[in-house]
Amino acid sequence: MERAAREEPARSRLARLFDTGGGRNLGLVAVLVLLGVVGVVTTDTFLTTANLLTVLTQASIIGVLTVGMTFVIIGGGIDLSVGKVMALASVWCTTVATQSFGWVVMIFCALAVGVGAGLVNGLLITYGRIVPFIATLAMLISAQGLAEQISGRRSQIVTDPVIAGIANTRLAGIPLLVYIFAAVVVVGWVVLNRTTFGRRTFAIGGNPEAARLAGLDVRRHTILLYVVSGLCAGIAAIMIASLTTTGSSTHGTLYELDAIAAVIIGGTLLTGGRGTLIGSILGVLVFTTITNLFILNNLATEVQNIAKGALIVIAVLIQTRAQRSSGTG
Amino acid sequence: MERAAREEPARSRLARLFDTGGGRNLGLVAVLVLLGVVGVVTTDTFLTTANLLTVLTQASIIGVLTVGMTFVIIGGGIDLSVGKVMALASVWCTTVATQSFGWVVMIFCALAVGVGAGLVNGLLITYGRIVPFIATLAMLISAQGLAEQISGRRSQIVTDPVIAGIANTRLAGIPLLVYIFAAVVVVGWVVLNRTTFGRRTFAIGGNPEAARLAGLDVRRHTILLYVVSGLCAGIAAIMIASLTTTGSSTHGTLYELDAIAAVIIGGTLLTGGRGTLIGSILGVLVFTTITNLFILNNLATEVQNIAKGALIVIAVLIQTRAQRSSGTG
Amino acid sequence: TSNEAPSSGGASVAAAPAGDNAEPGTPVTIGFSAPAADHGWIAAIANNAQAQAEQFSDVTFQPVNPTNDVTQQIAAVQTLINDGVDALVILPNDGSQLTSVGRQAIEAGIPVINLDRIFDSPLAYRTWIGGDNYGMGVSAGNYIGERLRAAGVANPIIGEIAGIDNLPLTQARSQGFADALSTYGFSVGPRQAADFTAQGGQRVTANLLQAAPRLDAVWNHDDDQGIGVLAAINQAGRSEFFMVGGAGSANAMREIQSGSSVLEATVTYSPTMASSAVSLARLVAQSRGMGDLAEHEVPASITLASATITRDNVADYLSLGFES
Amino acid sequence: MTTAPTPGPLLAMRGIVKQFPGVRALDGVDLDVTAGEVHCLLGQNGAGKSTLIKVLAGAHTPDAGEIVWAGRPVTFGSPQAADAAGIATIYQELDLVPGLTVAENVVLGHEPSRLGFSRLRAADDKARRLLRRLGHPEIPPRRELGRLSAAGQQIVSMARALAKDARLIVMDEPSAVLDPEEVQNLFRVIRELTADGVAVVYISHRLEEIREIGDRVTVLKDGRTVARNLPARTTPTADVIRLMTGRTVEYAFPPRAAPVSDEVVLQVEGLSRTGEFRDVSFTVRAGEVVGLAGLVGSGRSEIVETVYGARRPSAGTVRVRGKRLRPGSVPAAVRAGMGLAPEERKSQALLLGEPVFRNVSLPAMDRFATAGFLGPDADLAAAAEITGRLDVRPSDPRRPARTLSGGNQQKVVLARWLLQGCTVLLLDEPTRGVDVGARSEIYALVRRLAAQGAAIVLVSSEVPEVLGLADRVLVVREGRVVHEAPSGELDEGRVLDLVMEAVPAGAAERSGS
Ligand SMILES: Nc1ncnc2c1ncn2[C@@H]1O[C@H](COP(=O)(O)OP(=O)(O)OP(=O)(O)O)[C@@H](O)[C@H]1O
Ligand SMILES: Nc1ncnc2c1ncn2[C@@H]1O[C@H](COP(=O)(O)OP(=O)(O)OP(=O)(O)O)[C@@H](O)[C@H]1O
Ligand SMILES: [Mg+2]
Ligand SMILES: [Mg+2]
C-alpha cells in the first residue's frame, strides 16, 4: 500500500536501471537467475550461446507485442487484439499482390494494418465510449475473420527474399530478430521514461480525470496509445512472417494473454498509472525461459503445464517478497 | 461524470426488474429484440420453440460460469481459470474410478474440484498477495495440465446413465440443463441482491478500504468469492459432461474470455463495485444468439468472425446510447 | 471404455516391417516433434511413434515437447538440430510454416520424415508419409452417394461438420467430399466447422440440427469431435438420417458395430502413419531401403489409403482404432 | 454542556508512536477524552491528527504507546475491535461505497439480517431515522450513494457513525464540505450526543468552530502533543495558532494592494448547462478577485468547471482577453492561460502515485522538454523551487503525492498553476481542509497573483473568506446568479440571507431537473 520514499543514497546505477520504481524488478531478476541455475544443473545445453539465442529469438515476437501492451496498460487500457492484428498484418503483407511490390511495400503494409487497427481501437474506445476490453475483443474477432477471409485460410508463403531473410540473418552471431526486439525495447523505454508522451501516459493511466483537468488531451493520447500497440503488432507481424516464412490467420493465437501476463508479472498495475517496461520484458523472458527449460528437459506437456502454473506463482511470490524487503512494499 | 439524481416516478415494474441501476440493461434487451427480428427475417426456424431452447441450452454452461464471474468481478477481482477448472472437474468426475461409485460421487467430485480450485485461487490472492489476473492464470494453466495428466489427453466417456441423462431429460418440454441454468441464476440473483454476502461484495469491490474500515473481513470474503466462482465451474462441469457425454481437458477453452465479455457487456465494471447479474446473463444470451443466427444462416467461419466483431461493437453502442438517454449516463 | 491407461494405444501399432528390415543396424537417434495432443488422434500419433521406436533396439527416440504454437515448434526442432540427431520425424502444426526449419535440417545433413501435414517444398523433407485427406472426403462422399442413390432419395439434404477450418487438411477433405457427391448429382447442404473437440462438435451440431429440420446424411470429419456430435443428435432426438465419421476411432467403430446410433460408417485416417514414419526414419538414417521393395532407397512419398469402415468390415479394423 | 466534572477519562492515549516508511507521523502523542465532552484536536496539516484517530479506530497499528479505554488497557488490532468497544469514526476521506444505496452504506458491517438475508426495510428505516435526526429527511435511503453530492455523502457518513450507538465518536474534518447551515445542523446533533454522555473528538481547521462547539483542546505539532486539555472557549486564538505553527500568524486577510486595472481578462456570457445552471454572465479584470458565494449544491463548481471547458456548455461563450474559447475543451482553456484548482483534489487534481514534482509540472511539462524529450528530473528544480516557496511539507519533491497531508496536497495543486503561469485562475474551495498557517499563505498568494495582474475566480463556502479576498462577489442560488456587488457593500449576514433565501429543500442533494 504505502510506498516509501526514503532516501536511497547507495543505490547502484545498475539497480536504478532495472528499477524506475524502487527495486521492483530485482525480484524478477532473481527469478531469472534461479531459472538459469536450474537450467545449468538439469541440462548441458542451457548455457550454450545457441540455446540462449534461441530463447531470445523466441522472446522477440511476444516481446515486441509486450512493449505496446505495456504502454496501453500503463495508460489505463488493455488491448486484447494484438495477437490477431499481428496475424492480419502478416496475412495482408504476404498476399501475392503485396509481395509483388517487394519488401518495402510489405513492411509498409504490415505497419499500416497495425496502425490502422490501433486507430480503430482507439476511436471506438474514446469516441465510441466502448470499454477497452470489449472494443479490442471485437477487434480480435474481426481481425481473425478478416485474416481468414483474405488468406482463404491458407498459410501464405513469403517469397520475398528480404523478408524471408530477416530470420536467417545474423550480425556478429546474433539473429537480426533479436536486434529488432532490442531496438523496440530501447525506443519504447526512452519514449516511456524520457519523453512527455511517456509522462502523459502515466498521468492518464493514474488519474484520467486529473490529467484531463490539467489540460492534457486525454482522448488523443489514448488513441495514440492504441496506435503504438498496433504499430508493435505490425512490427511483430513482419518478424513472425519471416520466422515462419508465412503469413497466416493462425499466427498469434492467445499471444494477447501472454503479453498481458508478462506485463502484469513485470509489476505494472492492470488499473494503469504505474509500471515499468523493463519489468514487462523480464516477464517475457521468465515465461520464455520456463518454456525453454521444459523443452530441454523433455517434459511432457501436461507436466509442463502443471509446473508452469506453479512456477508463475513462485516467481510472483519471490518478486513480491523482494519488493517488500527492498523497502518498497 | 454528471450524475443526475432526478426522480423517476413513471418507471414500470418490468423496467425495474431488468435494472437495479437505472435502465442499464434496457439497451441489451433492445439488442436481443433486434437480433430476434434479424433471426425471424433471415430464417424460418429462428422463432421455433426447438431453436430457442437450443439457444438456451447452449447458453446454459457459459451462463453458469458467468454467474460466478459476475460475483468475482463485482467484488473487484477476475477469474481466468473458470473454463479450465470446469474441464478439470469434468475429467476428475468421469475417470473410471469415480464413475464406478455412481452419480452422487461424480457430482460431489466435480463440485469439490471446483470449490478446491476456487479456494486455492482465493488463498493465493489474499494471503499470497498475487494479483488475481496472475493467480487465476496460473490456475488455468495448472488445471489444464492436471486435466491432461489425469485423462491421458483422451475424452473420457460418461457411462453413468444419470449423468448422461441430464442433457436428454426434459421437464414440460424444457431441457433440464435450462432449469439448472435458471436455478443458478435465481440463486445468484438472490444472493447478490438480497443477502449481506451479496451487498458486501459490492462494498469490497467498490471501496475495499472502506469495507475494511467498516469491519468486514475482506480477505475471507474475497476467498469466498473465488469459491463461488469455482462452485459454478463445478456445476458447469457436470452440465458439459452430460451435454458432450465426455469429460475432457479440451472443454472450456477460452470460456473465461466469453464469460468476462458477457459480464462486461452486461454493464459490470471491470474495476468492481458495480454491476448486475441480469446484465451478465443478457450478455451471454446476446453472444449465444449471435452464434445461433450465424449457423442458421450457414455463414462461413471467417464471415462469422468479421460480423461478430462488428455486432459486438454495435450492441455496445446501442446499449450505451440507451443508457445515456434513460438518464443514467 | 476410453478410460484405460494411455498405453492401450500400443495395441494399434502397425506390424513391424517384414524382411531384413527388422534386423538391427547402426544405432540411430530419431528426433520427433508433433503438435500438442489436444485430441485422441494426435495423442495416438505420439503414442504410436513412441511404441514403434521402442520395438527397435537400435533406435534412441528423442521427442520434443509438443506445442500448438508454430514459433515454439520451430524452436523445438532447432533444438533437435543443434543436438545433432540422425533423423527427424516432424508432424508440423502447419506445413508451410515449418518448411524453412525442415530445410535447415536437410541442409544440416539430417533426413526429415515429414508426417502427414506436408511441407511446401520437397527440399524440406526426405520422405513424406501421410493420409489422403482428399481421398477421405471422396470415400465419405461415395459412401453417402451410394446409400442415397440406392434409397432413391432425390434432392437429399447432406450436412457436413468439418474440423478446424483453418487447416489445409479440412479444406482438402471438404473438397473431396463435394467432388464425390457431385458425381451423384448431390451437393453439400448445411456445413459448419467445429474444432476437433467434443464440446465444439456438440455446440455446432445442436445449432445445425435446428437449421436443418430434415437431413438425409451427415459427414463428420473427425471421430473425436464426433462424440459431441452424437451427443447433440441424441439430445435432439433425431434419427431420420445416417452419419459417416472420419479418422476411425475405436469409439466410433464400437458405435458402428453396435448399430445403435446414426453413425453407420467412418472413413479412416489412421494414426498408424506415425509408426510407419519412425520405421522409415530409421531406415533412411541407416541408409537402407524397404525390405519388400525393389528399390534400394526409401520412396520419397507414401500416401495412406482411406478405407471405409461399415458394420460389415468393422471387426477387421477394431484393432487399429485409437481411443478418443 | 458545561465541562464535565471529569470522573476519570473515558479514553487515554499515552505515548503513541506511528512510523511510516520515511516519516514518523506520530512521535509520542497523548490524548485524554472524558465522557460527554467535545474534545478538539488541532494541528497543522500533516501534524498527525488523522493518523492518531486511525490508530484509535484500529485502522493503523501503533508502533509504541498504550491506549486505556474505560479504565482498561486495550489494543485495537482491527477496525472491528474498536467498533466493538464503542468507538465510531467519521474519516477525513469519505469511507463510503458509491455503488451501494444510502441505507446500505449506513448499515455496512452491521446489516440487519435474518439467516444471511439482509432486511432491506429495516436498514431503510434505520437510515431514514438517522437522516431525519441529522436534518435531512429528503435523502432517500434507496438512492445510490454515488449519486449524492459530496455534502450529501458527508451526511451519510455521519449517519453511519451515529448508527452504531457508540460511546465515542471521532469526526475528522466533518465540516470541510458543509456550508454554514449544515454546520449548524451538525453542531445541534453533537450537542444532543454529548448531552447523552457520548464523547466527541472533533477535528477542524476552522478555529471559530472550535470556539463554538469545543470543550477542551489538544494541540499536535509534528507528531507530538504540544498542549493538552486547554479550555476551548477561553484560550486566545493567537495562543492556539502559535502552539500549532510555532510562530505568529496574522489571522486576517492581507490588505488589497494595487488598484484593479480596467482590462477585462475573462468574459463569460450567457453560460448555461441544462439542469445545472442558467444564463451566467460575469467578467473578471486583470488583478481582480471575483468570489462566487452560495450553498453547497448551488452550482458554483459546475460554473467554474464549465468556464474551464471541463464540461460542455449548452449555451453561452467564454472569452479570454477577447478571444473566444472552444467550448468544452480544457486544452484550449489551458492554452489561453487558464488554470483550475478543482474542488476534489484527490480525485480531480492529483496523481497520487507520482512524485510531487511531476504533479506540479504536469501541464507545464512541455516547457522542460526538447522535441518531446525530457530528462528524468528536467522539471525537478523548477517544481522544487515553487513547492519550496509555498512551504509544502515534507519538502522533498520526490515523495509520492499520496503521502502528503490534505493541506499540503492543496498547495501542490496551487503550485502547479503557479509554475504554469496562469492569467486566469479558477479556485474551487482552495482552503478546504487547509490549516491556518497554510491558509494565510494561500490568501497572501492569491493577493500576490492578483497584484501581478492575474484574473481570479474564487469559489468558497466560507463567507468570510469570500468577503475578505474577493473584490466583487456573485451570489449563486439554484444555478443562477442572484446578486452581484463589490465585497465592500456586503457583510456576512447579508450574504447568508441572499444565499439562503427560499432555501432549497435538498441542499445536500443535487437539485437536478
Ligand atoms: N500512509 C502513509 N504513508 C506515509 N506517510 C503517511 C501516510 N499517512 C500519513 N502520512 C504522513 O504522516 C503525517 C501525518 O499525516 P496526517 O494525515 O495524520 O496529518 P493530519 O494532521 O491529519 O493533516 P491534515 O490536517 O492535512 O489532514 C504526514 O506527514 C503524512 O505525510
Ligand atoms: N451527481 C453527483 N454525484 C456526486 N457528486 C456530485 C454530484 N453532483 C455534484 N457533485 C459534487 O457535489 C458537490 C456540490 O455540488 P455542486 O458542485 O453542484 O455545488 P457547489 O455550489 O459547487 O457546491 P460546493 O460548495 O460544494 O462547491 C461538488 O463536489 C460536486 O462535484
Ligand atoms: Mg487529516
Ligand atoms: Mg462545488
Side-chain angles (χ1 to χ4, degrees), chain A residues 43-45 48-51 53-55 57-62 87 90 94 144 147-148 151-159 164-165 167-168 177 239-255 258 288 291-305, chain C residues 6 31-38 42-43 46-47 50 61-84 92-104 107 117-121 124 162 164-172 174 193:
Chain A
T43 72
D44 307 332
T45 38
T48 58
T49 321
N51 186 55
L53 288 178
T54 305
V55 171
T57 311
Q58 281 304 298
S60 63
I61 292 172
I62 279 278
S90 81
T94 55
Q144 160 102 32
E148 286 169 350
S151 66
R153 289 183 255 113
R154 288 161 199 285
S155 296
Q156 301 178 155
I157 315 255
V158 174
T159 51
N168 296 323
L177 288 179
M239 296 167 76
I240 202 163
S242 177
L243 190 68
T244 65
T245 68
T246 59
S248 164
S249 58
T250 62
H251 286 332
T253 306
L254 292 191
Y255 277 25
D258 287 352
T288 321
T291 308
N292 179 256
L293 281 181
F294 287 146
I295 297 182
L296 293 184
N297 281 299
N298 206 5
L299 291 188
T301 339
E302 57 267 31
V303 181
Q304 272 194 34
N305 280 339
Chain C
F32 178 80
S33 171
D38 46 17
I42 298 265
N47 291 335
Q50 178 94 39
F61 191 60
Q62 189 174 343
V64 289
N65 79 304
T67 166
N68 287 332
D69 186 87
V70 174
T71 64
Q72 284 190 32
Q73 191 176 20
I74 291 173
V77 174
Q78 274 166 347
T79 313
L80 288 175
I81 298 174
N82 290 346
D83 275 6
N93 274 288
D94 179 309
S96 308
Q97 298 183 29
L98 270 97
T99 301
S100 67
V101 75
R103 286 187 66 163
Q104 281 174 33
E107 281 158 19
R117 300 178 189 169
I118 193 163
F119 290 150
D120 280 329
S121 159
I164 296 174
D165 244 352
N166 275 316
L167 298 176
L169 66 89
T170 299
Q171 294 152 29
S174 289

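Here is how names work: the chains are called A, B, and so on, in the same order as the sequence lines, proteins then strands, and each is numbered from 1. The basis for the numbers below is simple: all heavy atoms, side chains too, and nothing from hydrogens, waters or symmetry mates.
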In terms of heavy-atom pairs under 4.5 Å, which option from [options] contacts chain C the most?
{"options": "A:S155, A:A241, A:G152, A:A50", "answer": "A:S155"}
{"options": "A:N51, A:T57, A:T246, A:T291", "answer": "A:T246"}
{"options": "A:I157, A:T253, A:T54", "answer": "A:I157"}

Flag, side chain of A:Q58 to backbone of C:T71, donor-acceptor distance under 3.5 Å: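 Checked: pair present.
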message: Please check: side-chain N/O of A:R154 versus main-chain N/O of C:P168, any donor-acceptor pairing under 3.5 Å?
response: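 Answer holds: no.
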Under 4.5 Å from any heavy atom of chain C - which part of [X]:
{"X": "A:T48", "value": "neither"}
{"X": "A:N292", "value": "neither"}
{"X": "A:L243", "value": "both"}
{"X": "A:L254", "value": "neither"}
{"X": "A:T288", "value": "neither"}

message: Quick check for you: among C:T79, C:V70, C:D120, C:T99, which has the greatest number of heavy-atom pairs under 4.5 Å with chain A?
response: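 Option with the top pair count is C:D120.
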message: Can you tell me which of C:D94, C:D83, C:N82 forms the most heavy-atom pairs within a distance under 4.5 Å of chain A?
response: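 Heavy-atom pair counts peak at C:D94.
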- prompt: For C:Q171, is it the side chain, the backbone, both or neither that has a heavy atom under 4.5 Å from a heavy atom of chain A?
  reply: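 Contact with chain A involves the side chain of C:Q171 alone.
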